Amino acid sequence: MNSHAPDQPTISATTSDRQLLINNLAFVKGQMARACQRSGRHAREVTLLPVTKTVGESRLRMAYEAGLRTFGENRVQEVRTKASAMTDLDIKWSIIGHLQTNKVKYVARFATEFQALDSLKLASALDRRLQAEGRSLNVLIQVNSSGEESKYGIPPADILPFVRQLVPFASLKVQGLMTLATFSGDEQRVRPCFRLMRRLRDRLRQEAPDSLSFDTLSMGMSGDFPIAIEEGATVVRIGQALFGQRPLPDSHYWPQSP
Ligand SMILES: *Cc1c(COP(=O)(O)O)cnc(C)c1O
């Protein structure tokens, strides 16, 4: 994925890492701006969430120096380690991956956002833990927009009854929806996932209980974020286009992806 970054001579590892990150960041922001322009949107309508799973502390610190403040992570154990090593920085952690109920206590303690709410059992466990911590948490509901068995998320047809049942969980501040589109280089297969999400969001704005908000649409990753923006994303979650290819294949994170 870092094929976006121009080749450059290695001066020292650190200097070139930093330069690469800065170049990648400029490239991604440029792509975001162009996608906004194409679809008649303002650049400020779309937020970049850098995804830092597998990215080590030194490069995280570089990203912080480059002005990034909120980082997306999908494994609780990994973010616990990083968060405790970087308490000197004012970093906000967004948890974007499937969460097991036995890990809710950590998320309730240090996350500023949770993007992968996908069951009532989890909602209930998180809410209880947040009450105990005296905190509230911004959450997004993960939707399975591709219909693939291997993907987490609420099926689109079940979303309205699901969100209605979230109302009693007062510590969960529902802000919108999150999805992973089908993994495909074929735009004709990817775009419908994003389009479905936008329609779902519009419908929830009309029909969901007033105490829940659906302004946020988190969709689009390194391989498909320009399409997601064209279809209405307000947050794009980008890892490899910023930090380079991960050492482990996607199948490590998402069973059955290519
Ligand atoms: C890793 C991850 C991303 C970012 O994927 P890239 O291909 O590195 O941009 C986005 N969303 C979730 C849920 C992820 O786990």
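Just so it is clear, the model here is predicted, and its values are computed rather than measured. Atoms within each ligand, like the ligands themselves, are counted from 1 in listed order.
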Open item on the list: Regarding R61 and E65, does a basic nitrogen lie under 4.0 Å from an acidic carboxylate oxygen?
Closed with: no
Open item on the list: Ring of Y64, cation from R69 - is the NZ or CZ under 6.0 Å from the centre and inside 45° of the axis?
Closed with: yes
Open item on the list: Keeping R41 on the side-chain end and A233 on the backbone end, is there a donor-acceptor pair under 3.5 Å?
Closed with: yes
Open item on the list: Can you confirm, on distance only, whether ligand 1 has an N/O atom lying under 3.5 Å from any N/O atom belonging to V51?
Closed with: no
Task: For I238, atoms of ligand 1 separated by under 4.0 Å from a heavy atom - done: 9 (O)
TODO: Report, in ascending order of atom number, the atoms of ligand 1 lying under 4.0 Å from any heavy atom of Q240.
DONE: 6 (P), 7 (O), 8 (O), 9 (O)
Open item on the list: Using a 3.5 Å distance criterion without hydrogens, assess whether the side chain of D127 forms a donor-acceptor pair with backbone atoms of S171.
Closed with: yes
Open item on the list: Using a 6.0 Å distance limit plus a 45 degree cone around the ring axis, check whether R201 lies over the aromatic ring of F214.
Closed with: no
Open item on the list: Checking contacts here: is it the side chain or the backbone of N74 that comes within 4.0 Å of ligand 1, counting heavy atoms only? Could be both or neither.
Closed with: side chain
TODO: Pull out every atom of ligand 1 sitting under 4.0 Å from any heavy atom of K53, numbered as shown with elements.
DONE: 1 (C), 2 (C), 3 (C), 14 (C), 15 (O)
Task: Atoms in ligand 1 flagged as close to G239, the criterion being non-hydrogen separation under 4.0 Å - done: 4 (C), 6 (P), 8 (O), 9 (O)
TODO: State the atoms of ligand 1, each with its element, that fall below the 4.0 Å cut-off from a heavy-atom position in I96.
DONE: 11 (N), 12 (C), 13 (C), 14 (C)
TODO: Sort out for me which residue in K173, Q175, E113 forms a side-chain hydrogen bond (donor to acceptor under 3.5 Å, both in side chains) with N138.
DONE: Q175
Open item on the list: Please determine whether any non-hydrogen atom of R246 lies less than 4.0 Å from an atom of ligand 1.
Closed with: yes
